[in-house]
Protein chains: 2
Amino acid sequence: MNDRVSTKTRILDVAERLFGEKGFDGTSLRDITAEAGVNLAAVNYHFQTKDSLIDAVIERRIAPVNRRRLEMLEAAGPNPAIEQVVEAFLVPVLECSLSPMVALMGRVLATPDQFVYRVFKKHLAAIAQRFADAVGAALPELAPAERLWRLHFMGGTMAHVLSWSHVLPEMTGGLCDPSDRKALTARLVSFLSAGFRAPFTEAH
Amino acid sequence: MNDRVSTKTRILDVAERLFGEKGFDGTSLRDITAEAGVNLAAVNYHFQTKDSLIDAVIERRIAPVNRRRLEMLEAAGPNPAIEQVVEAFLVPVLECSLSPMVALMGRVLATPDQFVYRVFKKHLAAIAQRFADAVGAALPELAPAERLWRLHFMGGTMAHVLSWSHVLPEMTGGLCDPSDRKALTARLVSFLSAGFRAPFTEAH
DNA sequence: GTATGATCTAATCATACGTATGAATGATCG
DNA sequence: CGATCATTCATACGTATGATTAGATCATAC
């Protein structure tokens with residue numbers, strides 16, 4: 001170890017931030033090692049390849065978030081309100097304030113290619129069924145396909161909020177302030193819960 | 001011109017598809033020219049740089065979509081229902097079925113960096129105010145900031161649907177089929193309109 | 001104190017990138 | 001015909017990329 005934190009951790013931290021800011025393809029190993037103040041070869045020593053570095057960066061953040069999600073779902077009991085389900089999905093991410101992790105999560109959710117998708121799918125599969133069940137418990141009249149669609153919509157809303165939160169104030173002339181996580185959570189829960197409760201009208 | 005379509009158009013078509021599939025950084029000019037069957041230098045001849053090629057690719061699709069959006073907004077009159085506003089936002093994109101443009105749009109909306117953001121902002125600024133006004137007309141009790149937030153949420157939902165539509169069937173075991181645009185539109189309008197109508201509860 | 005294994009480093013590899021060049025090609029028109 | 005112009009072409013430049021190597025350095029155990 002060099003300073004206070006190990007080389008491995010410093011790489012993970014800087015990689016997380018840069019991946020979130022500039023994307024996976026847009027961030028080179030040299031960008032990462034330069035900012036982390038470590039040798040270029042350290043990445044390959046600790047993580048073998050860039051791909052498995054990406055994997056490690058994502059894994060480190062998603063795993064605890066999903067654990068917390070399942071905890072909140074558990075705490076909501078067998079007959080949750082849809083608000084509780086939505087909160088269980090959102091809060092574990094949103095409560096991280098504006099940490100670099102937030103941009104990373106947005107990036108992951110917005111990168112439907114290659115193996116980023118594989119990594120994401122691995123972690124999603126672990127909780128998707130639980131959330132589908134929870135929505136079913138909260139809104140039993142909702143058709144199974146519609147449940148999945150609306151979970152998909154919720155994921156999109158969250159992904160977008162995460163991805164754009166750092167430019168949103170400028171985009172809206174300061175009207176929208178994503179740094180107030182409490183208010184943001186309340187807005188999202190209100191909006192999404194109403195969406196989940198919407199009458200299901202098949203196309204005509 | 002070589003075949004039926006000009007070199008310039010072939011570059012734009014292939015670039016649009018590859019940018020949508022693999023991202024802007026993940027697509028090289030060599031990828032594009034190889035698939036398009038044109039010479040590498042043709043890109044620089046017709047578009048000067050890769051950046052302005054990206055610009056041209058986006059411009060070609062977003063401009064007509066936004067024109068159509070404003071038409072639909074216009075057609076809804078001065079007192080639209082929120083459903084009409086949502087439709088005016090969604091339909092011009094969704095009616096393009098599963099063309100490569102759809103993945104491109106998703107990619108643009110999910111790339112909040114560098115100059116992709118600038119390009120996007122240019123086209124967004126041209127219609128954002130109109131949609132904010134339309135939401136205000138449909139739901140006058142909604143606070144201005146909340147209007148913008150919910151428009152932002154709607155953009156995220158659409159972006160996610162566009163980005164992931166090509167893997168969604170596999171992700172959901174075939175339960176969700178994004179190719180039925182009519183049904184998809186109905187689902188989105190129902191979900192999002194309900195979200196817009198949700199009571200606005202400030203954080204407590 | 002030195003042997004040992006883990007960690008770090010500088011230097012280098014082959015390849016891929018965006019861009020630029022100058023010559024060939026082909027159509028248009030006097 | 002020959003001149004002009006836009007387009008296409010093969011090729012090269014300089015740089016950046018992910019990966020690898022062999023050796024230096026460090027901590028710990030004997």
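Below, chain A is the first sequence line, B the second, and so on; all start at residue 1. This is a predicted model, so every value here is computed, not measured.
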Between [N] atom [atom2] and [X] atom [atom1], what is the distance in whole Å?
X       : N      : atom1 : atom2 : result
A/His46 : D/dA19 : NE2   : P     : 16 Å
B/Phe19 : C/dG18 : CZ    : C1'   : 12 Å
B/Asn44 : C/dA20 : CG    : P     : 6 Å
B/Lys22 : C/dA16 : NZ    : P     : 12 Å
B/Asp51 : C/dG18 : CG    : P     : 10 Å
B/Gln48 : C/dG18 : CD    : C1'   : 14 Å
A/Asn39 : D/dT25 : CG    : C1'   : 13 Å
B/Leu53 : C/dT19 : CG    : P     : 10 Å

*asked:* Give the residues of residues 26-34 of chain A touching DNA chain D, defined as any heavy atom closer than 4.0 Å, sorted by residue number.
replied: A/Thr27, A/Ser28, A/Leu29, A/Arg30
*Please answer whether the main-chain N or O of A/Arg181 pairs with a side-chain N or O of A/Thr185 as donor and acceptor at a distance below 3.5 Å.*
yes
*Within a radius of less than 6.0 Å around CD of B/Glu74, do more than 12 heavy atoms belonging to other residues, nucleotides or ligands occur?*
no
*Should A/Arg197 and A/Glu83 count as an ion pair when the cut-off is N to O under 4.0 Å?*
yes
*So does B/Glu146 pair up with A/Arg187, basic N to acidic O under 4.0 Å?*
yes
*So what does A/Ala41 touch, heavy atoms closer than 4.0 Å: a base, only the sugar-phosphate, or nothing?*
base
*Ignoring backbone atoms, establish whether B/Thr49 has a side-chain N or O less than 4.0 Å from OP1 or OP2 of C/dG18.*
no
*Can a side chain N or O of A/Tyr45 be found less than 4.0 Å away from OP1 or OP2 on C/dC8?*
no
_Stem list for DNA chain D, please, built from Watson-Crick and G-U wobble pairs under 3.5 Å and keeping only runs of at least 3._
C:1-28 with D:3-30
*Test of ring centre spacing under 6.0 Å for B/His160 and A/His152*: yes
*Counting side-chain heavy atoms from C-beta on, which of C/dG18, D/dT8, D/dA19 comes nearest to B/Lys50?*
C/dG18
*Taking the six-membered ring of A/Tyr45, is NZ or CZ of A/Lys8 closer than 6.0 Å to its centre and within 45° of its axis?*
no
*Which pairs, with at least one residue in residues 154-166 of chain A and sequence neighbours excluded, count as a salt bridge (Lys or Arg N to Asp or Glu O under 4.0 Å)?*
none
*asked:* Quick check: closest heavy atoms across B/Lys22 and A/Asp25, and the distance to 0.1 Å?
replied: O-OD2, 4.1 Å
*Go through the steps to decide whether A/Asp31 and A/Ser28 satisfy the test side chain to side chain donor-acceptor pair (under 3.5 Å), and finish with yes or no.*
CA-CA 5 Å; A/Asp31 292 339; A/Ser28 72; 3.2 Å; yes
